[in-house]
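Heads up: the structure comes next, in structure tokens.
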Protein chains: 2
Amino acid sequence: MAPDITDLPHPDRTDLRLTDVLFALSDPERLAIVRQLADGPLEMAQCHLSDPSTPKSTKSHLMKVLREAGVIRNETLGRGRRLSLRQDDLEARFPGLIGSVLGASVDR
Amino acid sequence: MAPDITDLPHPDRTDLRLTDVLFALSDPERLAIVRQLADGPLEMAQCHLSDPSTPKSTKSHLMKVLREAGVIRNETLGRGRRLSLRQDDLEARFPGLIGSVLGASVDR
DNA sequence: CAATTGGTTCGATATTTTTCGAACCATAAG
DNA sequence: CTTATGGTTCGAAAAATATCGAACCAATTG
């Protein structure tokens, strides 16, 4: 049977590409999502965008870019989704990178 | 008199924006340029792209993106240009970032 | 089972970024 | 002064990304 739509593909730790990760982090909205997840996993419904009226399809697309780059994990939880930062995988593949990004002061 | 075309604008250290820097570094060709400059300044003519037949206008545009993000400095030197990585400024503004990027293994 | 909630996917359109030739500019060399 | 070299800028076209509504799907609730 075909893979259930509810479990989305995640790249393996060893397959993470630096340029893809940097690109995913280079958008302010996506970076803000990552900052929220730095404090721990979050249900997607509790992960808010700067503009709360953003359509859900747009939000879903932002998550897709982050997920496909290997920055976040997106798993089914109940009827929603649980988002988490792949901090260990990122640290293993690109030591120091995610820490410096999270540590950087927020842009004005 | 109008500013000479030969000295290009560079953002001040304090004005560097994380997302712009990450975006500039997120392109494989631009990242390769940055890696070359990690060993020290280089004349632009000696800074080679993966495809040597790339038009000079394209090469110039790659440098523009890096310069406007504050990643590199581009100064007149003789009849050419001297390129350098703004390592100190990057380190001051985003501690650890450029080091982790340069330290990361090259993508396959 | 029906309705609601929370989310993905698809397709079209808008926006951004890239590419590249042509024109142009400044310096150095003849 | 003329030519060659090394580069920027402009404008148009191509390619990549983002946005968003509609359709759809799965789990929970009534």
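Chain letters run A, B, ... following the sequence lines, proteins first and then strands; every chain starts at 1. Predicted model, so just to flag it, every value in this text is computed and none were measured.
Residues from residues 72-80 of chain A with heavy atoms under 4.0 angstrom of DNA chain D, sorted by number: A:Gly78, A:Arg79. The stretch residues 30-44 of chain B touches DNA chain D through B:Met44, each having a heavy atom within less than 4.0 Å of the strand. Using a 4.0 Å cutoff on non-hydrogen atoms, the parts of residues 47-69 of chain B near DNA chain D are B:Lys56, B:Ser57, B:Ser60, ordered by number.
Taking A:Arg82 as the reference, A:Pro41, A:Glu75, A:Leu77 meet the side-chain contact (heavy atoms from CB on, under 4.5 Å) condition, with sequence neighbours excluded. Scored by the side-chain contact (heavy atoms from CB on, under 4.5 Å) test, B:Lys64 finds B:Arg67, B:Glu68 as partners (sequence neighbours excluded). Residues satisfying the side chain to side chain donor-acceptor pair (under 3.5 Å) test with B:Asp12, not counting sequence neighbours, are B:Thr14. Applying the side-chain contact (heavy atoms from CB on, under 4.5 Å) rule to A:Asp51 yields the partners A:Ser53, A:Thr54; only residues at least two apart in sequence or on another chain are considered. Applying the side chain to side chain donor-acceptor pair (under 3.5 Å) criterion to A:Asp20, with sequence neighbours excluded, gives no partner residue. Applying the side-chain contact (heavy atoms from CB on, under 4.5 Å) test to A:Ala104 and every residue at least two apart in sequence or in another chain returns B:Leu18, B:Phe94. Annotation: salt bridge (charged side-chain N to carboxylate O under 4.0 Å, His left out) contacts of A:Arg79 (sequence neighbours excluded): none.
Base pairing in DNA chain C gives the following stems of 3 or more Watson-Crick or G-U pairs, range against range and under 3.5 Å: C:1-30 with D:1-30.
Taking atom CZ on A:Phe23 and atom C1' on C:dT16, their separation rounds to 10 Å, with Å as the unit. The distance from atom CG of A:Asp7 to atom P of C:dG7 is 16 Å, rounded to the nearest whole Å. Distance A:Glu29 CD to D:dT17 P: 19 Å, rounded to the nearest Å.
The backbone N or O of A:Gly70 sits nowhere less than 3.5 Å from a side-chain atom of A:His10 that would complete a donor-acceptor pair.
Salt-bridge check for B:Asp89 with B:Arg73: passed, with a basic side-chain N closer than 4.0 Å to an acidic carboxylate O.
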> Passes side chain to side chain contact (heavy atoms under 4.5 Å, CB included), A:Leu83 versus A:Met63? Steps please.
Replying inline: CA-CA 9 Å; A:Leu83 303 175; A:Met63 299 306 176; 3.6 Å; yes
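Evaluation of the salt bridge (charged side-chain N to carboxylate O under 4.0 Å, His left out) test over residues 24-44 of chain A, restricted to residues two or more places apart or in two chains, returns none.
The shortest distance between side-chain heavy atoms of B:Ile33 and B:Cys47 falls below 4.5 Å. Using a 4.5 Å heavy-atom cutoff, the side chains of A:Ile98 and A:Gln87 are in contact.
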